[in-house]
S.K.: 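The following block contains the structure, expressed as structure tokens.
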Amino acid sequence: MPVCVLSQSSQIPAHLTRTSISAIRTGPDWTHACVKGRVVHKDALVPLDDDDFILKAVIQDVDSSPNTTCPEISIKMLLMGSLAKDFSTTVHLGDMVVASGFSVSKSSTVKEKQHPCTLLLSGQGACVYVCSSEVNSVVTRKRSPKAVEVRHLQPEVTSVVTRKKASWTTQAPGEAKEAKYVYSRLDDLEVGTRVNVYGVVVFFKQPFKSSGTDYCSSLKITDQSNQRIGCNIFLSKLEEHPKIFQVGDIIRMHRVKVCRFNDSVSLINTFGFSAVTFDGSKGEPVEPRTSCQTIHFDEEDQRMVEQLRAWSFNQALLPTAPSVTLSTVQPSAYFDLSCQLLAKAPLDSSCTLLRVWDGTKCPHPLLKVLVDPEMTEGPSSFSPEQENLIANVLVYDNHVEVAEQLKPGDFLRIYNVRAVLGSSKVPGLAGTQTLEQDHLAFHLHRGTAYGRGIRVLPQTSPTVQELKSVIEAFMQNEDDHAMMEVWGTPPESVDTDPVSTDSITETNCRHSIDPLTLSEVKRSNPGQVHHVKVQVKSYQPQKLHQSLKLFCDKCSTMQDVPDEDHVLGLLSAASQDRGPCSAPVWALSGQVQLPVGPAGPSDLSLYFSPQLMFDGKNKQLVFLKGANLAQVKTLSASYLNIVPVRSSGGQLALLDLSAPVLFRGRRRYYGCKKCSNPAVREPSVEGVDVVSEKLVAEALGVELLRYVLLLRLELQDSSGSLDVLLWRDAELFFNVSAADAASSQKVQDHICQTMGSLCPPEGSTVWRPWLDMCLVSYEAQNDEGINQTVYQICHTKLSKATPEPDPVTSP
DNA sequence: GGTTAGGCTTTG
């Protein structure tokens, strides 16, 4: 992507959030972040091979002042491809730049005062903005000792240079040619070069721990040239490894190096490596599988995938036989089992038991394994009928570590598992059990030969969809609802009505990321955005009026809305105070007579702004003394703003801030005790058309509290459950305003009905709607001061729900 | 911009 020269830094796209260099760390998604800094070091452009380049530069934080003791922190940037080339020609030492679309990795070498991470700018999303107007100020005001040479940008370089796509092929500077990645055929790989390739996977191993520092994915690919090329991918992060689920998947790899080993050519990942995989079946939608937030994918990629699919279909590269299930498994066979994990238990240090099912019934009796319920994750026992459906898989040695990460509910593929008939000796405690003859056990042997391994399948994978429908159909036939309830298999269609899994929510965020399961979300680092498809298992508070809170934007504290009795009491107490009280010098005072009721006296003191009186707007604001709550409510029909007041030491004063500081129609406004300096003061209303709550609050020195909705939802999917907050975007979610919820029964009913439909009360637990959600995770301290990962629902809106309009919400 | 593996002829 481009290097853009901007005349003002305000031209940087608004969706980018500025981050300081010191805040950079590995883990979070930095897609929508940018950092600003001065270029204090710039290496020469290094050509990697034909059309690829790399360039190293260092930028220094612009906010760190040379006058403070705080050292000026700098960070290394690595620019790849055409961006490196553009940067090399356009950007000079001393330039102020803003970098975006980067990823962050740990630096191997760290210099003093240099950030331990490196910004990687590669691919379509990466961009560098050069702030040309700030060059002068750099030169004159703030010359860093490190900035050995500071040059002005050429004055004529003020236009914005943009290119649409990541460039791979060499271009003449300024030539706005549509650039693209060039892919090498597998029979045209020159040892020592760096290439991009497409291929059909003919063999693969799940990533396994190498003896070095990384996980290794080992695979073999082929293409129309019929060459078969081995590839080894070394990456420290499991999630960055190519997501290969089965032979026949299509993989695209960028920046792999061609090596020779034992007289055959092989590929290995190099710096800037990225991989995207696709289902290899003809006709399936072409959906890229990647953990990368920003990938380059265009019509040409679509075509490449479709061509490879067609070719591999004719070559019969995809497994054609239907996959083996528990109902079709032959004793002694090695096979790949797609299944759902129900429970697991470690048997000894080198063997873990996975209890799985796939919704089919095995014709052979299945081995039963006795395990300590204390050691079992998930249900420790099932009914005899259920037991007949559950396969016990013993996974050994290196697979134990993978098994530890699995959660009951996960959908799995277990590769090269073996069905073992006969008397199986079971390790650990279970070894003492009576051996069952001619029962079928399943073993996942140690090592990674034959691609042995376990993989969690995402909810969106066709295999999981198929598995779910098989399980569902099985449940309907067996009428075994207990089974379903135990492990929360999403019961998409159990009632008589065929219920679709269509989501009843919309997300309006612009993240294009694959949905994850909740267990995948839980395994991710905080500071990320996730998409999930979930049901609401439960929610708090059950008494929904308690979800309404008051929030101070100034001090970020939240409090409950004072209840009606409390407000009643405070006003009633204030109305009893009949002591002498002089009106403020600025105020005009008056009296009003209300019909005598059981609740109190009829004579109330009113104080007005003379300016409003003069403007004929005396109904817009009144300070009201001696009124109880009922009387305030009555007068609310006549006065736009009512400020209840009392006498304090002969002077007019506001009530305690736990009472509403202002009544405006049905709405009540409260002030923050911490941030307010309350007093009865004359509001400046000159030239004001309508007296707003803000104007009144400002005059009174009151920091108004904002109504917010706060709910805690327990979400569930087949992989487990997760507690999340609905707060920041709660109003968007329900399509209501929290302030309306505070004053309108209709809006409150709407929220209650909505929650009731998302999470039906007891007796109708079978059907719950599915919701697409966008979650953000972040770290926050709990009450004990311990850091915890918090999840919040954001950018998510219920599709249809809108409360009926309430005719008298506001005056 | 450095190591790791470099399938496989299985098995508790």
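Every chain is numbered from 1, with letters handed out A, B, ... down the list of sequences.
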S.K.: Name the closest nucleotide to the F261(A) side chain, picking from dT4(B), dT11(B), dG6(B).
M.R.: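 Closest nucleotide to the F261(A) side chain: dG6(B).
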S.K.: Quick one: which residue pairs count as a ring pair (Phe, Tyr, Trp, His ring centres under 6.0 Å) with a foot in residues 191-214 of chain A, not counting sequence neighbours?
M.R.: Y183(A)-Y198(A), F204(A)-Y415(A)
S.K.: Reckon K205(A) has a side-chain N or O less than 4.0 Å from the OP1 or OP2 of dG6(B)?
M.R.: yes
S.K.: On DNA chain B, compare the nucleotides closest to N269(A) and N262(A); which residue's is nearer the 5' end?
M.R.: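 Closest to the 5' end, via its nearest nucleotide, is N269(A).
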S.K.: Expressed in angstrom and rounded to an integer, what is the separation of I268(A) atom CD1 from dG6(B) atom P?
M.R.: 11 Å
S.K.: Out of dG12(B), dT11(B), dG6(B), which has the shortest distance to the side chain of D397(A)?
M.R.: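 The closest nucleotide is dG12(B).
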S.K.: What is the nucleic acid contact for L219(A), judged by heavy atoms within less than 4.0 Å: base, sugar-phosphate only, or nothing?
M.R.: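 Nothing: the residue L219(A), judged by heavy atoms under 4.0 Å, touches no strand.
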S.K.: Side chain of R452(A) only, heavy atoms from C-beta on: which candidate in dG7(B), dT10(B), dA5(B) is closest?
M.R.: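 Output: dT10(B).
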S.K.: Starting at atom CD1 of I229(A), determine the distance to atom C1' of dG7(B), rounded to an integer number of angstrom.
M.R.: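 Answer to the nearest Å: 14 Å.
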S.K.: Over all strands shown, is N232(A) touching base, sugar-phosphate only, or nothing at heavy-atom distances under 4.0 angstrom?
M.R.: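 Touches a base.
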S.K.: What nucleic acid atoms does F204(A) come within less than 4.0 Å of, heavy atoms only: base, sugar-phosphate, or nothing?
M.R.: nothing
S.K.: I'd like to know whether CZ of F313(A) has more than 12 heavy-atom contacts from other residues, nucleotides or ligands below 6.0 angstrom.
M.R.: no
S.K.: Check every atom of dG2(B), dG6(B), dT4(B) against the side chain of K257(A) and return the nucleotide holding the closest atom.
M.R.: dG2(B)
S.K.: Between L440(A) (CG) and dG12(B) (P), how many Å, whole number?
M.R.: 17 Å
S.K.: In whole Å, I'd like the distance from the CG atom of L267(A) to the C1' atom of dA5(B).
M.R.: 13 Å
S.K.: Whole angstrom is fine here: how far is it from CG in N398(A) over to C1' in dT11(B)?
M.R.: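 In whole Å, dT11(B) C1' lies 14 Å from N398(A) CG.
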S.K.: Nearest whole Å is fine: how far is dT11(B) C1' from Y396(A) OH?
M.R.: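 Roughly 9 Å, once rounded to whole Å.
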S.K.: Nearest whole Å is fine: how far is dG6(B) C1' from R228(A) CZ?
M.R.: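 Atom CZ in R228(A) sits about 17 Å away from atom C1' in dG6(B).
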S.K.: Take I454(A) and L354(A), measure what side chain to side chain contact (heavy atoms under 4.5 Å, CB included) needs, and give me the verdict at the end.
M.R.: CA-CA 11 Å; I454(A) 308 171; L354(A) 300 181; 4.0 Å; yes
S.K.: Looking only at side chains, do R413(A) and S338(A) share a donor and an acceptor under 3.5 Å apart?
M.R.: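 Looking only at side-chain atoms, S338(A) and R413(A) do form a donor-acceptor pair, the distance falling under 3.5 Å.
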S.K.: Tell me the interatomic distance from R418(A), atom CZ, to dT11(B), atom P, rounded to whole angstroms.
M.R.: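 In whole Å, dT11(B) P and R418(A) CZ are 9 Å from each other.
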S.K.: Side chains of S225(A) and D223(A): do they bring a donor and an acceptor to under 3.5 Å?
M.R.: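 Per modelled atom types, S225(A) and D223(A) side chains form a pair under 3.5 Å.
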S.K.: Measure from the side chain of F234(A), starting at C-beta and using heavy atoms only, and say which of dT4(B), dC8(B), dT3(B) lies closest.
M.R.: dT4(B)
S.K.: Considering heavy-atom distances to DNA chain B, does H445(A) or S218(A) have its closest nucleotide positioned more toward the 5' end?
M.R.: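 The answer here is S218(A).
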S.K.: Decide yes or no, distance alone: a donor-acceptor N/O pair under 3.5 angstrom between the base of dG12(B) and the side-chain of H443(A).
M.R.: no
S.K.: Choosing from dT11(B), dT4(B), dG2(B), which nucleotide comes nearest the side chain of D214(A)?
M.R.: dT4(B)
S.K.: Describe the nucleic acid contact of S211(A) in one word from base, sugar-phosphate, nothing, applying a heavy-atom distance below 4.0 Å.
M.R.: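 Sugar-phosphate contact only.
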S.K.: Among dG6(B), dT10(B), dA5(B), find the nucleotide with the atom closest to the side chain of Y334(A).
M.R.: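 Selected nucleotide: dT10(B).
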S.K.: Looking at dT10(B), does its base get a donor-acceptor pair with the side chain of N416(A) below 3.5 Å?
M.R.: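 Pair found.
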S.K.: Suppose the criterion is salt bridge (charged side-chain N to carboxylate O under 4.0 Å, His left out): which pairs have a residue in residues 398-407 of chain A, not counting sequence neighbours?
M.R.: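 Qualifying pairs: K209(A)-E401(A).
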